[in-house]
Amino acid sequence: MAASALRGLLLIPALAFAESCTREFLTEATAKYITAQAQGSSSDVVTMATPDVTYTENGVTKSIADGILAEPVKGIDHNRSIHDTVNCAAFTEIIAASNSHQYVIGTRMIFNGENKISLMESIVTDDGDWAFNATGYLYWDSLETWDPIPETERDTREVIQAAGDAYFNRFMNESVVVPFGVPCSRLEGGASTAPLNMTGDSCTLAGLPSTLVVTNRRYVIDETMGVVDIFLGFPGLDRSQREPMPDSHLFRVEFGKIRYIHTVSSCVQAGCGFNGTGMPTTSRA
């Protein structure tokens, strides 16, 4: 990925779309997307989109037909989708650990008033991306519970978003209190904080930055699932680049507290420029 192309990531407006739609429609749309990815049938997604749809993959604008959707990912071991009926948006997480080429993919789709995809952003991670380990991602995910939240126990959209925002606000202000639950665990690329404290708050134990300003946050919120996904450009993630890296953080929120965090982050240099040994001297293939 050319670093200059990442600048386009910063130009995608966070709240440019505000069409409402039904949960049934969004559920059907994400199911079609997952099937299309498994079959490598990009044309099926093209038919779901507007003629002038904006599609980005790891921050690079391209046509849907030229992206990961043209490649059959037959070994999809797990998928999870959330559906935002207020903003007619959806997010899907795909874990393909048994595929011949392992992937973890996060895709955000925005639909217009005619129920067509007007914006689609995918973060496609594989070997060399931040902490990538699809087998580990699948294992730790299998130990988690993401069931729908009973209606009487659901948080509001505002509470769910505020939990995710507090996490990133803490990146630039150590005085911000992040509502981590007990227990809480964070899964990054395949590496989990859970072993730090299997029954407690391993999110706090894992630590957070204190000098990073995270802007251009784009939200998909699902009150039924108690989840918010935030797409953003993660500053300083790839030590070989000056531009923020394409990133997705998925937060499960229960009673106003963060229970799980899943992250999917793309790199330019293998290991984002360091994996404990300093900056690599060669780029990813």
Side-chain angles (χ1 to χ4, degrees), residues 12 17 21-49 53-59 64 67-99 102-111 115-126 129 132 134 137-138 140-142 144 146-148 160 164 187 189-190 218-232 246-252 260-266:
I12 298 174
F17 307 92
C21 56
T22 67
R23 191 171 191 85
E24 291 72 21
F25 163 73
L26 290 170
T27 301
E28 181 180 353
T30 51
K32 288 180 179 177
Y33 159 69
I34 294 163
T35 299
Q37 184 62 83
Q39 296 175 346
S41 182
S42 60
S43 60
D44 288 347
V45 175
V46 170
T47 62
M48 298 166 59
V53 61
T54 297
Y55 175 68
T56 68
E57 193 167 294
N58 293 347
I64 292 174
I68 186 65
L69 277 158
E71 177 184 335
V73 180
K74 298 183 180 296
I76 296 179
D77 302 285
H78 182 76
N79 67 80
R80 171 178 293 110
S81 293
I82 62 171
H83 306 99
D84 186 334
T85 59
V86 173
N87 290 317
C88 203
F91 170 82
T92 297
E93 174 187 71
I94 288 175
I95 307 172
S98 62
N99 197 58
Q102 292 187 332
Y103 290 108
V104 177
I105 302 171
T107 295
R108 173 179 179 261
M109 296 185 288
I110 307 294
F111 297 83
N115 288 348
K116 291 287 189 178
I117 302 171
S118 56
L119 172 65
M120 186 172 186
E121 300 176 86
S122 285
I123 299 176
V124 181
T125 64
D126 60 3
D129 284 310
F132 182 81
Y137 209 108
L138 182 64
W140 288 108
D141 179 85
S142 72
E144 301 174 351
W146 293 67
D147 294 338
I160 296 169
L187 179 57
R218 288 101 72 200
Y219 306 89
V220 176
I221 303 170
D222 186 335
E223 304 99 314
T224 299
M225 300 301 296
V227 177
V228 57
D229 181 78
I230 306 179
F231 259 50
L232 56 115
D247 179 274
S248 162
H249 272 59
L250 188 69
F251 298 87
R252 165 77 170 199
Y260 304 117
I261 307 169
H262 284 191
T263 81
V264 181
S265 309
S266 174

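For clarity, every value in this text was computed on a predicted model and none was experimentally measured.
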Is the shortest distance from a Lys or Arg side-chain nitrogen in Arg252 or Glu144 to a carboxylate oxygen in the other one below 4.0 Å?
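No, Arg252 and Glu144 are not salt-bridged.
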
Donor-acceptor pair, distance only, cut-off 3.5 Å: does the side chain of [X] make one with the backbone of [Y]?
{"X": "Glu57", "Y": "Val124", "answer": "no"}
{"X": "Asp126", "Y": "Gln102", "answer": "no"}
{"X": "Thr85", "Y": "Arg23", "answer": "no"}
{"X": "Thr35", "Y": "Lys32", "answer": "no"}
{"X": "Asn99", "Y": "Val73", "answer": "no"}
{"X": "Asp129", "Y": "Phe132", "answer": "no"}

Given Val227, Ile230, Val264, Leu187, the one that forms side chain to side chain contact (heavy atoms under 4.5 Å, CB included) with Leu250
Val227

When the ring centroid of His78 is compared with that of Tyr137, is the distance short of 6.0 Å?
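Not under 6.0 Å, so no.
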
Side chains of Asp229 and Ser248, donor plus acceptor under 3.5 Å
yes

Thr107 side chain to Tyr33 side chain, donor-acceptor N/O pair below 3.5 angstrom
yes

Ala70 to Ser42 - nearest heavy-atom pair and separation:
N-CB, 4.0 Å

So, for Trp140 and Gly190, which heavy atoms are closest and what is the spacing to 0.1 Å?
CD1-O, 3.7 Å

Is there a side-chain contact between [X] and [Y] (heavy atoms, below 4.5 Å)?
{"X": "Asn87", "Y": "Tyr219", "answer": "no"}
{"X": "Val45", "Y": "Met120", "answer": "yes"}
{"X": "Glu93", "Y": "Trp146", "answer": "no"}
{"X": "Val53", "Y": "Lys116", "answer": "no"}
{"X": "Ile34", "Y": "Ser81", "answer": "yes"}
{"X": "Gln39", "Y": "Pro72", "answer": "no"}
{"X": "His83", "Y": "Thr224", "answer": "no"}

List the steps and the verdict of side chain to side chain contact (heavy atoms under 4.5 Å, CB included) for Thr54 and Ser118.
CA-CA 6 Å; Thr54 297; Ser118 56; over 6 Å; no

